[in-house]
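Worksheet: the structure to be examined is printed underneath.
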Amino acid sequence: MKLIRRNFLHLAAAAAVALMSPIASAQDFPSRPITLVVPLPAGGAFDVLARLLAENMRPVLGQPVIVENIPGADRGLIKVIRADPDGYTLGVGGWAPYVLRPLVFSLPNDLLKEMEPVAFVADAPFWLVSKPAVPAKDMKEFVAWLKANPGKASAATTGPGGGSHLCGLHLQNVSGTQFAFIPYRGGAPALQDLVGGQVDFMCDLAANSLPHVRAGRLRAYAMMSKSRWQ
C-alpha cells in the first residue's frame, strides 16, 4: 500500500509516515484541512489504513485530515490528479489502482507524469480464502474441488484488473482450473458477500480477512508470498 501525492507533497508524506518529521521548510503549510482520497469503498483495508494515517497526522500537522472515499470508475484517482499541487490532496491506495489499472486499461491521464509515490506505509500479501461450506480442507483439496466442478465455483474480485482478479487469473493458469469471477466495487462488499456465502472464495489481503479466518467464518488455504507471513 502506498501514499500517493500530486507533484509536491514531500512534507505531508514525511509527516504521515514518520508522524514526527518537522515541516519547517513550508512555514504556512498546512493552513487548512488535508484530504486523503481512498479510491475504494469504506470498510476495506485501504480505508482502515487511511483512517489510521489521518488520526496520527492530525496532531502532527495541526489541521483536520479528512478521509474521502471515492469508489468506482477511477474517480478517486482523477480527483487526486486534478487537485492543485499544493499538498492538500493525497491519495491512499496500493499497486492495484495506481499501478495495475494504468497497465491494463487506457486511462485519460499519465500517472507516471502526473502523480508521484511518496512513501511506503504498509505491506500485506494476498491469500486465498473461502467460505466454510467449500468442502476442501487444504490447497491440494481446493484445487481438486475446482477441477471436479469446472466453471461452477465463483471468485469475488475488487473489479477487472485489480489485485484479486489477477491473483485469480494466476491461480487458473498454474492449476489448470476454471471458475467465474464476480466483480465488486471494493474489498469490503466482496468480503461481506464471501462471509455471507454468496460467493465461494477470493484472493484477499491477508490483513483484511484475518479476523474472519480466526473466527471460523472463512477458511484460508495459501499465502501469495515467497516467505511465511508473520
Quiz item: Do Y221 and F201 pass the ring pair (Phe, Tyr, Trp, His ring centres under 6.0 Å) test, and can you show the C-alpha distance, the side-chain angles, and the key distance before you say yes or no?
Solution: CA-CA 10 Å; Y221 296 103; F201 68 97; 8.5 Å; no
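- For the residue pair P39 and V37, the shortest heavy atom distance occurs at CD-O, 3.8 Å.
- Within the 4.5 Å cutoff, no side-chain heavy atoms of L146 are placed close to those of K152.
- Between the side chains of D204 and S209, at least one donor N or O lies within less than 3.5 Å of an accepting N or O.
- When the ring-ring contact (aromatic ring centres under 6.0 Å, His included) test is applied to H165, the partners found at least two apart in sequence or on another chain are F181.
- Considering all non-hydrogen atoms of both residues, D200 and A153 come closest at OD2-CA, 3.2 Å.
- Of the possible donor and acceptor atoms, one in the side chain of R58 sits under 3.5 Å from a partner among the backbone N and O of V65.
- With contacts defined as side-chain heavy-atom distances shorter than 4.5 Å, the pair P125/M224 does not qualify.
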Quiz item: Which is it for L77 and R75 under the side-chain contact (heavy atoms from CB on, under 4.5 Å) test, yes or no, and what are the steps along the way?
Solution: CA-CA 6 Å; L77 275 69; R75 294 186 299 120; over 6 Å; no
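- The backbone N or O of L40 lies less than 3.5 Å from no partner atom in the side chain of R185, so there is not a single donor-acceptor pair.
- When the salt bridge (Lys or Arg N to Asp or Glu O under 4.0 Å) test is applied to R32, the partners found at least two apart in sequence or on another chain are D86.
- A continuous path of Ile, Leu, Val, Met, Phe, Trp and Tyr side chains, each step under 4.5 Å between heavy atoms, connects M223 with L218, placing both in one hydrophobic cluster.
- Applying the side-chain hydrogen bond (donor to acceptor under 3.5 Å, both in side chains) test to pairs two or more places apart or on separate chains, none has a residue in residues 137-149.
- Between the R217 side chain and the V213 main chain, no donor and acceptor come within less than 3.5 Å of each other.
- Separating the CG atom in N69 from the CG atom in D47 is a distance of 4.5 Å, to the nearest 0.5 Å.
- G216 and P132 make their closest contact through O-CG, 3.5 Å (heavy atoms, listed as atom of the first residue, atom of the second, distance).
- Checked against ring-ring contact (aromatic ring centres under 6.0 Å, His included), Y184 has no partners two or more places apart in sequence or in another chain.
- Residues V38 and I70 fail the side-chain proximity criterion, which asks for heavy atoms closer than 4.5 Å.
- Under the 4.5 Å side-chain heavy-atom criterion for ILVMFWY residues, a single connected hydrophobic cluster contains both L205 and L169.
- In this structure, V48 shares a hydrophobic cluster with L52, the cluster being traced through Ile, Leu, Val, Met, Phe, Trp and Tyr side chains under 4.5 angstrom apart.
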Quiz prompt | Stepwise side-chain contact (heavy atoms from CB on, under 4.5 Å) check, L53 with L36 | solution = CA-CA 9 Å; L53 286 172; L36 297 183; 4.3 Å; yes
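- Minimum interatomic distance between G186 and P41 (heavy atoms only, all atoms of both residues): CA-CD, 3.6 Å.
- Of the possible polar contacts, none joining the D193 side chain to the Q198 backbone as a donor-acceptor pair under 3.5 Å is found.
- Residues F179 and M139 share a hydrophobic cluster, clusters being chains of Ile/Leu/Val/Met/Phe/Trp/Tyr side chains in contact below 4.5 Å.
- Among residues two or more places apart in sequence or in another chain, the side chain to side chain contact (heavy atoms under 4.5 Å, CB included) test is passed with Q192 by none.
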Practice problem: Would you please test L171 and F142 for side-chain contact (heavy atoms from CB on, under 4.5 Å) and show each step? | Solution: CA-CA 11 Å; L171 174 62; F142 182 76; 4.2 Å; yes
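- Annotation: side chain of W127 is not in contact with side chain of C167 (no heavy-atom distance under 4.5 Å).
- The shortest non-hydrogen separation linking G187 to T158 is N-CG2, 3.5 Å.
- Looking at every heavy atom in both residues, P160 comes nearest to P183 through CD-CB, 4.2 Å.
- For the atom pair CG of L194 and OG of S154, the computed distance is 8.5 Å after rounding to the nearest 0.5 Å.
- Between the side chains of T89 and T35, no donor-acceptor pair of N or O atoms lies under 3.5 Å.
- Proximity of a side-chain donor or acceptor of K131 to a complementary backbone N or O of G197 within less than 3.5 Å is detected.
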Exercise. For the pair V129 and M202, evaluate side-chain contact (heavy atoms from CB on, under 4.5 Å) and give the outcome as yes or no after the intermediate values.
Key: CA-CA 6 Å; V129 291; M202 73 178 292; 4.1 Å; yes
